[in-house]
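Heavy-atom basis, side chains included; hydrogens, waters and symmetry copies ignored. Throughout, protein chains are lettered first and strands after them, A, B, ... in sequence-line order, and every chain is numbered starting at 1.
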Amino acid sequence: MIPAFVAKMGPVCSAPMDHAKTGMTLSVTVEAAKVVQAMEVLDAEGYLLEDVMASDLQDGFEITYHLSLLDGANRLVVRAMIPHDAPSLPTISGVYPGADWHERECFDFYGIRFEGHPNLHYLLLPEDFEGHPLVKADKARKSLADLMPLGYLVDCGLAEPEAEKPKPAAVKAVKTAKTEDA
Amino acid sequence: MSPDLLSFDHPLTRLVVGLLCVFAFVGLNGLVLVWVERKVAGHVQLRPGPLHVGPYGLLQPIVDAVKLVGKQLAMPAGADKYLYWAAPLLAFAPVTVCFLPLPFDPDLAPMRLNIGLVLILAFSGLGVLSLILAGWGSNNKWGLLGAARAVAQSVAYEVPLLLAVMSVAITAGSLDLYEITGKQGGWPWQWYGVQNPLAFFIFLVCAVAETNRAPFDLPEAESELTAGFHTEYSGMGFGLFFLAEYANMIVVSGVAAALFLGGWQGPFLSGILWFLVKVYAILLLMIWMRWTYPRVRFDQLLNLSWKWLTPLAIIDLALVVIIKGIGG
Amino acid sequence: MQAFDTAQLPRDPSSVRFEPGPTEDKLILSMGPQHPSTHGVLRILLELDGEYIVRAEPVLGYIHRMHEWMAEQKTYFQFMPNMGRVDYLHAMAWNWAYAGAVERLAGIEVPERGEHIRVAVTELNRISSHLLWWGAYLLDLGAFTPIMYAFDDREILLDILQAVTGSRLTYSYFTFGGVYNDVPDDFASRCLAFTKHLRSRLPMYRDLVTDNVILRGRCEGIGEMDVDLARRYGATGPVLRGSGAPVDTRRAEPYSVYGKFDFRIPAYSQGDAMARYMVRMDELETSCDIIDQAVSNLPDGPCSAKAPKTLKPPKGEACYAVEGARGKILVHVRSDGGPKPYRVKLRAPGFSNLSVFCELARGTLLADAVSILGSLDLVIPEIDR
């Protein structure tokens, strides 16, 4: 199911994730321009759009779409990176009408412009609000590499289902935290 | 040989005294009804109701009234000044007239008319006019929607109400409430409500709808139209609408008691006591219904009237006419 | 009639956008933010033709508090109390979603007793949320009394939760690794007594309210939505289950110890307001079943794992999905290894559920819109966050 989706999308970067440790099963990174195509494929497969999340990173704004099938632990995350100076990507509200408000929320908080959105105005913020509250100062921004756990595998070839790879990141965490506490 | 103006036999004197008594009666009953309504509502809802002002909270309605009188009378910008203030007066004034022909007791007649029933029906029909004026004059969209609902509802329910009343009038052969009451006896099987239960039922449903009480309180549907036609009214402007609603309830209950429940007559102790007992029994039923049922939707309300009550009332009327014709 | 110049009124940006604006026979009506049946401060712009709704557009943001920004300014622990304020009716589920995401990130294991207590209090909270919804929904439909009965039952339950958590509404009971305090000794017996009491009340509610012909007339066939519509709008929870899909996060991706419990997932296929109503009424029983199982064999041991005081989860990200009273709650936390989260995203189920409203309300009567709005079970602070 998941490889089928990846195959339909052509070459994308995908990273299988451990649901027990991250709550996600697969992360797929696509080009911003291909987001709508990805959503069309996922819509046809019966995915439910849970959420659209944006994060402000050094590399640009990362848009994360959470999707899942109606049953089972199968959260799929589609990501797209867009630059800070031209924060725009195509809207998916044509495919998932529920994305309408999520995209408006991203516009509120980050100023990301969704091309083709029917009604891109402030949703939660007052109309006369200036700026976008969740945009970080340059200093505070972290790069994608700073936020990725160790051993995070990204496969950018034509994906084959990856076997379980060890992910040592989470295990060490408590230990380090504890030592600092003491 | 016209009687002296100061004599109680003079019709004008009787009218003035009667009206004064009616005002006193309406005011007192309004207060009592407010207390009864709140107390019943409280007990229906697992709470004690008014408790602390006076014994059993009996003085609560007076405190409420004083509060209402003390409040500022506000008028929204852009409202029509004359219509806006005329509406609450117009809501209250006709109701008081409706009390005049009510047969409280054979010896207690403010104004005995041979067409008393027609007078009541005519003046109670005026009430809806005040709702229209209130809704339109207050320059408020909720008010306007409430007014529109009030008109449609009033038109729809006046028809079966009149048909139900007519069947009783034909049975009794009179439009005089005293005569209609007198034709019935003290025992339940002598009442028109028992002899003609369909007309009684239709009358009760229509009475609830005509007085805009739940589950037919659409012109003021709180959860849909905030407060409908009286959204913008404050203080005694609202108070008069409130009082008019209770006065209307007493009128329709009084008419129902007279037409269907034998009025002042009872197995023992005939007189005004029985009349009041019957009126309050119907009032309690209306209060009980209000605190039990959800509100119907507007199209359902109209359907109920046009598709069910009106045909049933016509059938009932036809039956009454046939029986009367056969019986001679 | 005196002249009245509407141009003098302050400009309302939301209704100006509501193009093409009032035509000859259309009425633009602003329902809310102070309206009895918008439950708080939701505002809905309606374009009416008579009493029929041509278009409806919710206007949000009247109680927006920017929780996601607050999350980035506070340490992991300090943000915890915020979760009780997001959805004040099902605070426990939000507690859980956030705690769960951070636990996943930091790799903290919750002891068995902690999991059982979490399940019990979350389900109790779900019952209190559903009872309040039930009363408020009937209030919307014009029945004044059921809310008092619902509150009567809810009171017992809130007393139990108060004894456990110390608060009655905005709980902040969860901590990373378990729960703050262990439950009192009589917790299990009180829970069992409550579920017994509630089960005895439910038939009465069914007879008195659910089977009422007026209520059925107001709910049946109103706001119909099929699974596909719900899916494309991201509607979850009772709204999705009312469309016929027996989807529940507790079963679909079992978190905590839900996998151990035996419970039914109610689903009705009509997709109307009545179906959503029935789902919630059935869920009261479902929650009772889960509570019974969770407290009747409460394991011994600690109620919480030892988590470090200044939590610094490793770099990475984690999602945690929880079935709230209103649907799927999803919290996504990204960490840069520091003491504060880099990004916290809160997915509120009500947000997606409300977005279906424009679709459902089109062509219905104003009174139906109230019925639909109520059947979606909205908590505005959760939608506005």
Side-chain angles (χ1 to χ4, degrees), chain B residues 37-38 40-49 75-84 136-146 148-149 152 213-218 220-228 231 287-304, chain C residues 1-6 8-9 22 27-32 34-39 46 48 50-52 135-153 155 208-210 212-222 364-371 373-374:
Chain B
E37 168 117 51
R38 295 180 62 167
V40 170
H43 285 288
V44 168
Q45 298 186 338
L46 307 173
R47 55 192 177 85
M75 189 175 71
D80 188 316
K81 200 161 80 187
Y82 301 107
L83 295 187
Y84 184 76
W136 176 258
S138 56
N139 189 30
N140 181 308
K141 290 169 181 174
W142 302 110
L144 187 63
L145 285 171
R149 284 179 171 196
R213 295 276 300 178
F216 305 121
D217 58 341
L218 286 127
E220 51 187 299
E222 185 201 322
S223 53
E224 293 153 26
L225 305 181
T226 52
T231 304
I287 293 172
W288 186 18
M289 265 166 69
R290 173 176 178 186
W291 296 101
T292 307
Y293 287 127
R295 185 181 301 116
V296 298
R297 206 171 60 211
F298 194 57
D299 56 329
Q300 293 165 346
L301 175 90
L302 296 185
N303 278 347
L304 179 70
Chain C
M1 192 154 162
Q2 66 227 74
F4 180 63
D5 189 9
T6 45
Q8 288 172 356
L9 291 173
L27 181 71
I28 301 284
L29 190 64
S30 180
M31 186 168 156
Q34 282 102 12
H35 186 276
S37 55
T38 53
H39 297 281
L46 297 169
L48 295 177
E51 277 210 25
Y52 283 95
Y137 183 44
L138 282 149
L139 213 53
D140 288 351
L141 297 179
F144 299 101
T145 301
I147 193 167
M148 295 294 170
Y149 281 72
F151 267 61
D152 202 34
D153 291 342
E155 201 62 22
L208 268 182
V209 182
T210 311
N212 184 300
V213 69
I214 300 177
L215 177 82
R216 294 212 163 241
R218 288 294 303 275
C219 296
E220 277 174 356
I222 305 302
T364 61
L365 282 162
L366 183 60
D368 289 338
V370 170
S371 173
L373 213 53

**Student:** Among B:Asp217, B:Leu144, B:Leu46, B:Val44, single out the residue with the greatest number of heavy-atom pairs under 4.5 Å to chain C.
**Tutor:** B:Leu46
**Student:** Measuring from atom CZ of B:Arg149 to atom CG of C:Leu366, what distance do you get when rounded to the nearest 0.5 angstrom?
**Tutor:** 6.0 Å
**Student:** Measuring from atom CG of C:Asp368 to atom CG of B:Asp299, what distance do you get when rounded to the nearest 0.5 angstrom?
**Tutor:** 7.0 Å
**Student:** Considering only heavy atoms, which portion of C:Leu365 lies under 4.5 Å from any heavy atom of chain B: side chain, backbone, both, or neither?
**Tutor:** side chain
**Student:** Nearest 0.5 Å please: distance from the CG atom of C:Leu208 over to the OH atom of B:Tyr293.
**Tutor:** 9.5 Å
**Student:** Is C:Ile147 close to chain B through its backbone or its side chain, or both, or neither, when contacts mean heavy atoms under 4.5 Å?
**Tutor:**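 It is neither, since no heavy atom gets under 4.5 Å.
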**Student:** If every non-hydrogen atom of B:Pro294 is compared with every non-hydrogen atom of C:Asn212, which pair is closest and at what distance?
**Tutor:**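 Heavy atoms of B:Pro294 and C:Asn212 come nearest at CD-ND2, 3.9 Å.
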**Student:** What is the minimum heavy-atom distance between C:Ala367 and B:Arg297, and which atoms define it?
**Tutor:** CB-CG, 3.7 Å
**Student:** Under 3.5 Å, side chain of C:Thr145 to main-chain N/O of B:Thr292, donor-acceptor pair present?
**Tutor:** no
**Student:** Which atoms of C:Ile222 are under 4.5 Å from chain B, going by heavy atoms: the side chain, the backbone, both sets, or neither?
**Tutor:** side chain
**Student:** Name the option with the most non-hydrogen atom pairs under 4.5 Å to chain B; the candidates are C:Leu141, C:Asp152, C:Leu139.
**Tutor:** C:Leu141
**Student:** Tell me, side chain or backbone of B:Arg47 under 4.5 Å from chain C's heavy atoms, or both, or neither?
**Tutor:** side chain
**Student:** Do B:Trp291 and C:Met148 touch side chain to side chain, with heavy atoms closer than 4.5 Å?
**Tutor:** no
